[in-house]
2 protein chains.
Amino acid sequence: MRAHNLALVLGQVAAAHRPPSRADLAASTGLTRATVSALVDDLVVGGLLAEVGPAPRAGAGRPAAGLVLHAYGPAGLGLEINVDYLAGCVVDLTGTVRHRAVLHGDQRPVSPTEVLTAVAGLGARLRAEALAAGRVVAGAALAVPGLVSGTGLVHRAPNLAWHDVDAAGTLAGGPLGDLPVTIDNEANLAALAELHAGGQGLDSFVYVSGEIGIGAGIVLHRDLFRGARGWSGELGHVCVHPDGPRCRCGALGCLEQYAGQEALLRDLPAGEAGLARLRADTDLAAHRLPAAGTSLGVALAGVVNMLDVDTVVLGGIFGPLAPWLAPAVEAELSRRVLTSAWSPMTVRASALGPAAAAVGAAGAVVRDILAEPAEWVRT
Amino acid sequence: MRAHNLALVLGQVAAAHRPPSRADLAASTGLTRATVSALVDDLVVGGLLAEVGPAPRAGAGRPAAGLVLHAYGPAGLGLEINVDYLAGCVVDLTGTVRHRAVLHGDQRPVSPTEVLTAVAGLGARLRAEALAAGRVVAGAALAVPGLVSGTGLVHRAPNLAWHDVDAAGTLAGGPLGDLPVTIDNEANLAALAELHAGGQGLDSFVYVSGEIGIGAGIVLHRDLFRGARGWSGELGHVCVHPDGPRCRCGALGCLEQYAGQEALLRDLPAGEAGLARLRADTDLAAHRLPAAGTSLGVALAGVVNMLDVDTVVLGGIFGPLAPWLAPAVEAELSRRVLTSAWSPMTVRASALGPAAAAVGAAGAVVRDILAEPAEWVRT
DNA sequence: GTCAAATAATTCAACCGCTAAACAAATTCC
DNA sequence: GGAATTTGTTTAGCGGTTGAATTATTTGAC
């Protein structure tokens, strides 16, 4: 019960626009001022909340002490393995990114163990930086472009050609020592980053992650949707044409064959260079991208009909390509989504830069602390 | 806290295979025997639990008093409006159907108000029957083949040609008096019925409801998934061929055009008669149904890739047709679902008879009481 | 400049609900 | 018939919330 109320109070502080007073919290939580005072005291000595000077207020009365999340409370380390880069960042309790780093380079020729060791090294460096700045990293999360079990087993990461890689086991005792590391899908964590950075009114959406493959993270009522076993969001292998070209996964006509990076950059250089060329050659873009957007729209329409979300966020490489893609996606959605007749869909580009999943991963760590403050307050 | 523990104890009784003793409940909930005793006492005087004679047990010790859900506790009324029938039933706390009724007849020519009044009348009759048998109906739920808002507004029921029908408002003060009635989608409630009747190990699945249209109810971890606004599960309008035939909804190549009742019964009499003919003419069935199953499989594969469930239940008219449909569905799923490589999909026919949604609706009412016993215990 | 009004936060007694341990009840085993 | 065993109840104690009274700190009026 105490644990629940601690989380309740902390959540109210996190959600507030201005630093709330204890009295504000009592009003918004329904608890007594006495109770809130006791809870806040625990959270302050636990290092999760801090008092700020009283904000000038109109009218009489004793001024209220504002409460904010402690900027030097426990921090989260986010790591990301992707096909063509490794990334990491440290985020404080308020959600502000404090340190970040990216290592470019194709990871496909590197063995899983070496990739994991490299990203752990990157994480250790960031952790040391954070410590030097006065921040203790409380935990880490690692984003991987593949299907991950709760135990930290990467079942399959097709575009890295990983297969039953025990990521959690490999990381244990490495450069990160005994820091607890959770492992999750890249699109899921990027969707969380979008949820918290994207801001205003974003409640339920599908985040489409265009990297080498196409993944999706589904957020419903500000909560990540994981499916029954945590393997949801394989948008890239939703069928667009039942007898289309064969996909790497063995099936016919998967979306990835129409809107994956390789399809978009056919006859162009791979990676950033190809993307730049595509954006520069407006003729080519105007020809190739709307078709991909239509396929994306067909697949997403099916998803939306089943899942009922009202917003699609285009992320990864789809973000910068959104000007060409979004109109086609939108057209297909309004044509095919049953509810769009009275509740139109929104399609927007992601508000995030590169390495969104790393930011989301770090954010997930601090959100876990905020959701479960009781453990942290005991120490 | 008390409310939570009341629900916890009640849930354990509901989930148990044999009538548990207070000591069993203490063990399974982690509470003390003393606490459980106090909670059970409240639930017994509240009329939700009943004691049964001690079951003969091996070994020494005082015999335990078994606890069961009270068969004469508050009951739930389930109602269903469908294109070609109205149905209703009363279910007691244990989930047993005690009274039921069906009114056959095409509802399409009838006005929404008349349909709603008719189904309410059916409900009132069942309620009176239940009362005569000693059961008080505590609430009702109505299943409608369409998209329903939380406020009881039927936004659209395409196959009834309903459009913004205020079902809750129309029912208020009618034959059901002031009995609280919730309104929900037919496939959702049928899925709940499957969850509770289907039994063993059914945890996460997609229930496919083949009626005039094709709907789906999604259950994840024994919990109904509703999407952001409660409009999930429109499987019938998932795209199978982006440039297939035009659907009533305006889009091209919707699943309904390939596996809807009208497509299955082309050139055959509509309704039951046509279905009987189709099943009798094995040549025709073997020719027509696997193709429909393949389309169903393509659409479901996309759904499963996104939602990550491991079981598909074929309900409505797809239930009796499952022998012809299921193999094709299964083949398509194992070909197209990414996770099927290491975690094969299950496709099975529904265990339910007709009017599954009415049973699910009544079950939903009693499950609500069981989930929130505190309110009931106060009186 | 002092005092009343207003608002914030703390203190303290009372109470609710759970726990732990002792105790009473009802049966089997020897 | 008595020891052993298991169930269920009773009682004291404790954590945590409530509600009222109290203290603290400011604004505004006279």
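Letters A, B, ... mirror the listed sequences (proteins, then strands); counts begin at 1.
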Short side-chain N/O contact to D/dT17 OP1/OP2 from A/N5, under 4.0 Å | yes
Please state whether the base of C/dT7 and the side chain of A/R62 form at least one donor-acceptor pair under 3.5 Å?
-> no
How far apart are the C-alpha atoms of B/R222 and B/D203, what are their side-chain angles, what is the distance that settles it, and do they pass the salt bridge (Lys or Arg N to Asp or Glu O under 4.0 Å) test?
-> CA-CA 5 Å; B/R222 305 186 62 80; B/D203 180 77; 5.5 Å; no
Qualifying residues under salt bridge (charged side-chain N to carboxylate O under 4.0 Å, His left out), relative to B/R229, sequence neighbours excluded = A/D308
Under the side-chain contact (heavy atoms from CB on, under 4.5 Å) rule, collect the residues that match up with A/L153, sequence neighbours excluded.
-> A/S149, A/T151, A/H155, A/D164, A/D166
Phosphate-side-chain proximity, B/S37 and D/dT9, N/O vs OP1/OP2 below 4.0 Å = yes
When rounded to whole Å, the CG to P distance for the pair A/D42 and C/dA9 reads 17 Å
Answer yes or no: does a side-chain N or O of A/R2 lie under 4.0 Å from OP1 or OP2 of D/dG15?
-> no
Residues within residues 16-24 of chain B bordering DNA chain D, heavy-atom distance below 4.0 Å | B/S21, B/R22, B/A23
Rounding to a whole Å, what distance do you find between B/L25:CG and D/dT7:C1'?
-> 13 Å
What residues form a ring pair (Phe, Tyr, Trp, His ring centres under 6.0 Å) with A/F205, not counting sequence neighbours?
-> none
Please, which pairs that meet side chain to side chain donor-acceptor pair (under 3.5 Å) have at least one residue in residues 13-22 of chain B, sequence neighbours excluded?
-> B/S21-B/D24, B/R22-B/E51
Would you mind reading off the distance between A/M1 atom CE and C/dC16 atom C1', rounded to a whole angstrom?
-> 9 Å
Separation of D/dG8 P from B/L39 CG (nearest whole Å) = 14 Å
Under 3.5 Å side-chain donor-acceptor pair for A/S28 and A/Q12 = yes
Under the side-chain contact (heavy atoms from CB on, under 4.5 Å) test, residues paired with A/A197 that sit two or more places apart | A/L352
Does anything in residues 28-35 of chain B reach DNA chain D, meaning a heavy atom under 4.0 Å, and if so which residues?
-> B/R33, B/A34
Counting only pairs under 3.5 Å, give me each side-chain donor-acceptor contact of residues 363-373 of chain B, with atom names and distances, residues two or more places apart or in other chains.
residue: B/R367; atom: NE; partner: B/H196; partner atom: NE2; Å: 3.2
residue: B/R367; atom: NH1; partner: B/H196; partner atom: NE2; Å: 3.4

May I have all residue pairs that pass side chain to side chain donor-acceptor pair (under 3.5 Å) and include part of residues 32-43 of chain A, sequence neighbours excluded?
-> A/R2-A/D42
Selected nucleotide, minimal atom distance to B/A60 side chain, candidates D/dT26, C/dT27, C/dC18 | C/dT27
List in chain and number order the residues that pass side-chain contact (heavy atoms from CB on, under 4.5 Å) with B/H99, two or more places apart in sequence or in another chain; answer none if no residue qualifies.
-> B/V90, B/L126, B/E129, B/A130, B/A133
Could you pull out all residues at least two apart from A/N188 that satisfy side-chain contact (heavy atoms from CB on, under 4.5 Å)?
-> A/D184, A/N185, A/L224, A/R226
Quick one, which residues of residues 64-71 of chain B touch DNA chain C with a heavy atom under 4.0 Å?
-> none
